[in-house]
J.: 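Quick one: the structure is below, questions incoming.
Note that these values count all heavy atoms, side chains included, but never hydrogens, waters or copies made by symmetry. Positions are given from 1, in the same order as the sequence printed here. Computed from a predicted structure; not experimentally measured.
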Amino acid sequence: MSNALTTSPKSVSGASSPGPRSRGASGGDRDGLLHPRQPNGNRVGSSFGGNGSTTIGNSTLSGPGSFSTSLRSTNTIVAMTPNAFVEEISDPPSPMSSERLVEELTDQLNKAIKYKEGAENLLQVLDTKKPKETKQARNQAEKEYNARNQEISQLMNRIEAITKPREVPGVTRAANKFKGEPIRPESANNGLAISGAPEWDPGSESPTLLLTELLKDLEEVDRRPEYYVEKANSLVALFKRHPNLKYELAWNTFGNRVQNMLLNENKEVVAAGYRIARYGMTDLQSLKTIRALYTDEITIISLVKDSRANVEREQALKFVRAFIEVPGGVQEISRGVVRAIVACAEQVDDRLRGVSMETLAEILILNPSLVVSAGGVRVLTQILSEGPYELSDTISLAFLYLLDLPATRKYIRPGSDLEVVFSVFTDSYSEKSPAPEERLRSSAKVISCMLKSWPGLLALSMYGLRAPKSLVSALSIPSSSVRDIILELFFDIFRIKPPSWSSSFLAGRRLTTYGRVTNLKSESDAPKPPRADDAYQGNLVEHFTALLLAVFFEADLLRSLMALVEDNSDPAIVRKTTLLLGEILKLASRLLPSTYSARLQLLPELFMSAANFGVPTRFAASAAVYQIDSLNRTLHRSLAATQAPQRVSVDDEKRGQRQVEQAKLKIYMAIDDRHFSGLIVDSGVLNAKSHTKWNWDALNEMIQGPLLNPKRLDEAIKGTKFMKRLMSFYRPFKYKFSDVKNTKPNQRYVRIGCALFHTLLQTPEGVRYLSENKILRQIAECLAQLDRMSGITSPEPLFSTSRLIGTLSCGYFSMLGVLSSDPKGLAMMERWRMFNMFYHISDSPDRPDLLELFVSNMDFTLEGHPRIILSKALTMGLKSVRLFATSHLRGLISTVQSSQIPIDPKTNETAEWAIRLLITQLYDPDVEVCETAVKILEEACNITHSLEYVVKCRPALDHLGEIGAPLLLRFLSTSVGYHYLNELDYINREMDDWFHGRNDSYVLTVEASLARAFADEEPVKKRPGDINTIDRDMMGIVPPHFYRELARTSEGCILLREKGHFDDFSWYIREHGQEEEDAEIVTKVKGCLWAVGNIGSMPFGAPFLEEADIVESIVKIAEESQVLTLKGTAFFVLGLISRTMQGLEILLEYGWDGTTSTMGESLGFCIPLKLGHLLSVAPWYHTGDETNQVNRPSPLSSVIGDDPVDAKILTAIANLNNHILESGSTKELNRLKASHVTQFQSPDLFRRVMTLIESFRYRQHVRRYILDLFEKSVVERVFAEGRADSEVESPYTPEGVRQ
């Protein structure tokens, strides 16, 4: 089991916490054990190498129970000489992990990109000024730009070198032993390589024979320790090469070998014994057999040793962790072993502390009573408030998992174990100075994690919202650091992302000085507009945020924030509070029902304070009112372009801009000769040959204005050198435009060049001039340099990869794109055989970038060669080209989706052509291309016309399996698609599939999506064919559901009524809605709830709710269920039901109010009018404790026998768990050992002492002291007696392998 705690029912949700962590000894599994030390301190190796040194990395294979740790360097440095054995360099410095290095390099890359953008912006500003005045500044800006470009390139190469999988270099035979790689069996000369010996072939070995030989070798006695380590490494390598071999082990023989190694005096040999034992584990029976070898006692002894035996301790802990990976294996972990792990976790300087804590958390989930009885909950609770801080948020997930069900909730103290994390803030009242910032931020992170989950929120809301109120009241602490961290916590809890200008506002600048920058930012950083059918999709994250707002409004958050605003002691805190207050009010007005938000929007306390002329806080309150009003107006301006309801107004604005441009065009077309001559002179083209001295803004106005007049264009061509110089600048072989650096400010040359081509195509004079100009012939020649069949070559082609990246040579493809949008332009391209060259280039696998440039720049609205080349790229190109071309088709369809005006037939025809190509891509041999095509088609189906056309094409999706399921579901949303799928018998098959199982898996999909959304996780890079990866845009959104799509049409509702599935779901919810114990039934209830909610969210499906009268049962689950995640599911389902007006009316009858827009449309968020009904969780009785009789089965009275000396010894050992009596008990034990030596050689006394160690809590040094009282021979006698009394019940042969 990995250290990262997962969301499965048997482990904790979430990823391992970021940052450095003290977790153990090696990265992954330490497959190569260190050789034992000789008396001189050197480690003995069994094979020799040449001079030099070899760096041995970790094995890429992870063994059972492995964990990534930082106890040792991830690379072990081994020096090998002919006369010296292998020696490990002690405590090498820990290198930076690759993940952390990539993060740092990425930060540097982001900074370099920002510096580059700053230099580009400066160059753009300098272009508007006179060249003479800005020459020095321009040189410095260009120097900075070039330096940043070089830095970006180097950083990208370094990141790629780290993240790209490396080939494993060849290593020596000794290195292979350390890494656990397949090694050559030893020859008669004790492993020395024989020159000219044939290479060993792993495929020709007999695993059974090798296993028998290795077990025989391990049976030998009085051999050097490195001999046993060598054989153990060989045995582990054999298990790795043949995983099924461990099922043939005869544990009577194998177990004896393991036990002999575990009893060896050398710690490396003991560690090797642990390794082969965990690699030999197969099932629960094998674990029981292993425990019969007294491995519990041996493990306890190993874990109690000091840091000099870290290799042995690490392998012992991995051995225990391997039990967790076997189904049911956690039940075979004894309380004594867990006590030993708890002792490691309590020791602050223990190098195994981190991994011990995570191991306790994993066992807590799988067997909470075991950890509670061993005192592990107390240790884990301390982590939440005291650290290690990098583990606290991960450990909190274990507690949240236990809180869900009443059966596991009893192991947590209500109002104590979780609320301890709030003490870091509340204790600041009594302390002279607040806690360290690191501790405050760690606690804030844990609180955020708890409040973003149903168990955490509901548990912390007990006792009259005691925990949220304590957090809010902590804002009154006069400490800027405490207030600042709590404010940041609220930004995180409510998922408020401050706008781009917030940093300027927090710095104290006025909002009016950067309003234009705000609008620019909103245009560039705006999220993608929501899909056309997003109205039906419920945003679960926002619904949960609405509940969080309601909870903290009940905890008087607004009153505390207003008091903080009036306290003008720290202006920075006041500004941040003002920003938070404005964002919360905006969020509340959008998410909360008017019954909650209407009164709060008035800010009555703040206005009363501002209007009270008799108090000194009036000025601060008045300033706060002004700032909040200014913030709201700025927020409204910055978000106006990104909100979905504003789409129509944005289109109106664009139409208005087009009308302005047409009016300007009419003015320019009507100018007289004198005015036109003045414009030509103002452009600077006739005055200077250097393009840097031209007025490009004036040029742009001329090209898009007067030159559209045929008369003015003819005058510019024939009357002056204006057009000649302008076209000369763009000719490739003049090396003017083609040598300009590819920067953001220089992109205007490309835009003006495209505008020039467009203008020339509008008139016969321009077409004739363009066709006769040398520019097209030279562009064709540049393409011919890359066409192997043209016969034209160049040592440095103009369209080489480096020039396309570094210069504006790529701009010629944009100009060709302008030509391809006009029939006359296509004719010119055909005249110069450009398409022939593109056909030849598309056949070459060497330059996929050229094909991508062609696809991204060409216009495909006209029938012709561009469409043919695109079709060829989609079907015959490299995978990267096919994927790029498939993604480009989204743009050809999105123009239809985003348009709010009637679509012309040409655009419609282009979209249909793109849809036909996408359907062809569904049969691509690469799964990733198919997935991309499915996703684009799914988006296209948001438009009814596109959906009907896709259905008309009748695509076959059976071969795609689950990948094509979302697209088939979209077909159900129209009658045409319903009938098509009905013909394929898809609906009945899918309906039965969802009814009998898919509903349950849907529950896991939704909860995983929510967990990732709340954790703000980046989605893992999707592997081809992986259908479980959720896109970031879909995180927290209700995933597509079969019954929701079915309820979109009247035909689907008729089928649903005939099948009677809705009634079945309703019956199951009524019968099992209050289930608390059976997790499987709870999951089925959740699946039924999601099915009912998705059906009820559709207008055609809402009548089912009234007919079945099921809403009352769902409300009852939300208000009374003791399964906290089931309450949350019912809450989300009620939000889905509120999406229809009929559902809103039903919910009002049961005391739930929904949120509506200004137009009266439901937004799908509903909150109970009495919040306490939803937050009601009955206090539970804490039944788990390490001090009660159930968890302490061996009291002292049952251990002490008749011997008075034994009684004194055992009483003294029992008193060692009391730190007050510890000193006296230690002296008593030393005296007893000196006077009664034989007593401490008794195996019976040792057994009773082990019982005390299991039953009482001892610190690590005390445990070590107790066990050191007994000689090693006593331990061996105990195990020898046990071996003689019992035998393993399994068939075996003397060779140790079942035949």
J.: Applying ring-ring contact (aromatic ring centres under 6.0 Å, His included), which residue pairs with at least one partner in residues 915-934 are found, sequence neighbours left out?
T.: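 Sorted pair list: Tyr923-His959.
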
J.: Could you grab the distance from atom CD of Glu830 to atom CZ of Phe835, nearest 0.5 Å is fine?
T.: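 It comes to 6.0 Å.
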
J.: For residues 986-996, which side-chain donor-acceptor pairs fall under 3.5 Å, sequence neighbours excluded?
T.:
| unit_1 | atom_1 | unit_2 | atom_2 | d |
| --- | --- | --- | --- | --- |
| Arg989 | NE | Asp985 | O | 3.0 |
| Glu990 | OE2 | Trp994 | NE1 | 3.2 |
| Glu990 | OE2 | Arg998 | NH1 | 3.3 |
| Asp993 | OD2 | Arg998 | NH1 | 3.0 |
| His996 | ND1 | Asp992 | O | 2.8 |

J.: Hey, does Arg882 have a side-chain heavy atom less than 4.5 Å from the side chain of Asp926?
T.: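 A side-chain contact under 4.5 Å exists here.
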
J.: Nearest 0.5 Å, please: how far is OG in Ser1097 from CG in Leu1105?
T.: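 It comes to 9.0 Å.
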
J.: Nearest 0.5 Å, what's the CZ-OG distance between Phe860 and Ser871?
T.: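 The distance works out to 9.0 Å.
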
J.: Check this for me, if you would: do Lys872 and Asp843 make a salt bridge, where the nitrogen-to-carboxylate-oxygen distance has to be below 4.0 angstrom?
T.: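 A salt bridge is present here (some side-chain N lies under 4.0 Å from a carboxylate O).
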
J.: Let me check something: any side-chain donor-acceptor pairs from residues 1080-1090 under 3.5 Å, sequence neighbours excluded? List them with distances.
T.:
| unit_1 | atom_1 | unit_2 | atom_2 | d |
| --- | --- | --- | --- | --- |
| Thr1083 | OG1 | Ala1079 | O | 3.0 |
| Lys1084 | NZ | Asp1000 | OD2 | 3.1 |
| Lys1086 | NZ | Glu1007 | OE2 | 3.0 |
| Lys1086 | NZ | Thr1125 | OG1 | 2.9 |

J.: Run through Phe884, Tyr839, Phe838 and flag the one making a ring pair (Phe, Tyr, Trp, His ring centres under 6.0 Å) with Phe854.
T.: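 The option that passes is Phe838.
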
J.: With rounding to the nearest 0.5 angstrom, report the CD to OG distance, Gln1074 to Ser1121.
T.: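 Here the interatomic distance stands at 5.5 Å.
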
J.: So does Lys935 pair up with Glu931, basic N to acidic O under 4.0 Å?
T.: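 Salt bridge: no.
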
J.: So which atom in Cys930 and which in Leu960 form the shortest heavy-atom distance, rounded to 0.1 Å?
T.: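 The pair with the smallest heavy-atom distance is CB-CD2, 3.8 Å.
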
J.: When you look at Phe1065 and Tyr1043, which way does the ring-ring contact (aromatic ring centres under 6.0 Å, His included) test go after all the steps?
T.: CA-CA 12 Å; Phe1065 295 144; Tyr1043 285 102; 5.3 Å; yes

J.: Closest heavy-atom contact between Gly1093 and Val1133?
T.: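 Shortest heavy-atom separation between Gly1093 and Val1133 comes out as CA-CG1, 3.6 Å.
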
J.: Report yes if the side chains of Arg1139 and Met1098 come closer than 4.5 Å at any heavy-atom pair, otherwise no.
T.: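 Side chain of Arg1139 against side chain of Met1098, heavy atoms only: no contact under 4.5 Å found.
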
J.: Check whether the side chains of Ser973 and Glu1045 place a donor and an acceptor atom closer than 3.5 Å, and report yes or no.
T.: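 Per modelled atom types, Ser973 and Glu1045 side chains form no pair under 3.5 Å.
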
J.: With sequence neighbours left out, write down each residue that passes side chain to side chain donor-acceptor pair (under 3.5 Å) with Tyr978, or none if nothing qualifies.
T.: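 In terms of side chain to side chain donor-acceptor pair (under 3.5 Å), with neighbours along the sequence ignored, Tyr978 is linked to no residue.
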
J.: Testing the 3.5 Å rule here: is there a donor-acceptor pair between the side chains of His888 and Glu852?
T.: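 No donor-acceptor contact under 3.5 Å links the two side chains.
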
J.: Compare every heavy atom of Arg867 with every heavy atom of Thr861, then report the nearest pair and how far apart it is.
T.: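 Heavy atoms of Thr861 and Arg867 come nearest at O-NH2, 3.3 Å.
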
J.: How long is the gap from CG on Leu1147 to CD1 on Ile1137, to the nearest 0.5 Å?
T.: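 Rounded to the nearest 0.5 Å, the CG-CD1 separation comes to 6.0 Å.
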
J.: Taking all non-hydrogen atoms of both residues into account, name the closest pair between Gly964 and Leu957 and its distance.
T.: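 For Gly964 and Leu957, the tightest heavy-atom pair comes out as O-CD1, 4.0 Å.
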
J.: Does the side chain of His1072 come under 3.5 Å of the side chain of Asp1078 through a donor N or O and an acceptor N or O?
T.: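 His1072 vs Asp1078: no donor-acceptor pair found between side chains.
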
J.: Pair Glu983, Arg954 - check salt bridge (charged side-chain N to carboxylate O under 4.0 Å, His left out), show working.
T.: CA-CA 11 Å; Glu983 292 176 10; Arg954 304 178 71 85; 3.2 Å; yes

J.: Kindly list each side-chain donor-acceptor pair under 3.5 angstrom involving residues 1107-1119, sequence neighbours excluded, with atom names and distances?
T.:
| unit_1 | atom_1 | unit_2 | atom_2 | d |
| --- | --- | --- | --- | --- |
| Glu1107 | OE1 | Arg1057 | NH1 | 2.7 |
| Glu1107 | OE2 | Arg1057 | NH1 | 3.3 |
| Glu1119 | OE2 | Trp1152 | NE1 | 3.1 |

J.: For Phe1062, enumerate each residue passing the ring pair (Phe, Tyr, Trp, His ring centres under 6.0 Å) test, keeping only those at least two apart in sequence or located in another chain.
T.: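 If we apply the ring pair (Phe, Tyr, Trp, His ring centres under 6.0 Å) test to Phe1062, skipping adjacent residues, the hits are Phe1104.
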
J.: Is any side-chain heavy atom of Leu826 closer than 4.5 Å to one of His865?
T.: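 Not touching, per the 4.5 Å side-chain cut-off.
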
J.: Picking from Leu1144, Leu591, Leu1163, what satisfies side-chain contact (heavy atoms from CB on, under 4.5 Å) with Thr1155?
T.: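 Only one option passes, and that is Leu1163.
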
J.: Would you please indicate if the ring centroids of Trp454 and Phe1132 are separated by under 6.0 Å?
T.: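 Under 6.0 Å, so yes.
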
J.: To the nearest 0.5 Å, tell me how far Ile936 CD1 sits from Leu967 CG.
T.: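 Between Ile936 CD1 and Leu967 CG, I get 11.5 Å after rounding to 0.5 Å.
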
J.: Check whether the side chains of Tyr1002 and His1041 place a donor and an acceptor atom closer than 3.5 Å, and report yes or no.
T.: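 Side chains of Tyr1002 and His1041: no pair found under 3.5 Å.
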
